[in-house]
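Below: the structure, in structure tokens.
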Amino acid sequence: GEILWSQTMASEGTTTESAPLPERPNRTRPLFQVYGSADFYVAIGPSPNASGNQRAFVPAYTLREFYCVERDKLAWALA
């Protein structure tokens, strides 16, 4: 697939961009790809909260991909 945007986040927070709307019928489902140097949690949604209950754990130095839907954002918080 194609990379539409990227964002490096040095501190906990939520992405400024959101998952794109489909522009072509054959575009693959959007996803977020994350990687960090410390254990952290991620949450994905229209108003994600990585400190809440609906989150996923990502171990340090592990590349993870999370599928999402259009207009979703990603939030992260240290574990």
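Along the sequence shown, the residues carry numbers beginning at 1. Keep in mind that this is a model prediction, so the values were computed, not measured.
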Keeping the roles fixed (side chain from Trp5, backbone from Ser18), state whether a donor-acceptor pair exists under 3.5 Å.
-> yes

Verify the neighbour count for atom OH of Tyr67: are there more than 12 heavy atoms of other residues, nucleotides or ligands below 6.0 Å?
-> no

Can you name the closest pair of heavy atoms from Glu70 and Pro30 and give their distance?
-> N-CG, 4.5 Å

Do you know which two heavy atoms are closest between Pro46 and Pro48, and how far apart they sit?
-> C-CD, 3.7 Å

Heavy-atom nearest pair, Ala75 first then Asn49, reads CB-N, 4.5 Å

dist Lys73:NZ -> Phe32:CZ (nearest 0.5 Å) comes out at 9.5 Å

Arg55 side chain to Ala50 backbone, donor-acceptor under 3.5 Å = yes

Nearest-0.5 Å distance that lies between atom CG in Leu74 and atom CE in Met9 | 7.0 Å

Considering residues, nucleotides and ligands other than Glu65, do more than 12 of their heavy atoms fall under 6.0 Å from its CD?
-> yes

Looking only at heavy atoms, what is the nearest atom pair of Gln33 and Leu63, with distance?
-> CG-CD1, 3.4 Å

For Ala79 against Phe57, the heavy-atom pair lying closest together | CB-CE1, 3.8 Å

Indicate the atoms forming the closest heavy-atom contact of Leu78 with Glu12, along with that distance.
-> N-OE2, 2.8 Å

Where the side chain of Asp39 meets the backbone of Pro59, is there a donor-acceptor pair that is under 3.5 Å apart?
-> no

Is it the case that one hydrophobic cluster holds both Phe66 and Trp76, taking links as side-chain heavy atoms less than 4.5 Å apart, direct or via other members?
-> yes

Among the clusters formed by ILVMFWY side chains lying less than 4.5 Å apart, do Val58 and Leu31 turn up in the same one?
-> no

Please check if Val69 and Val34 belong to a single hydrophobic cluster, counting links between Ile, Leu, Val, Met, Phe, Trp and Tyr side chain heavy atoms closer than 4.5 Å.
-> no

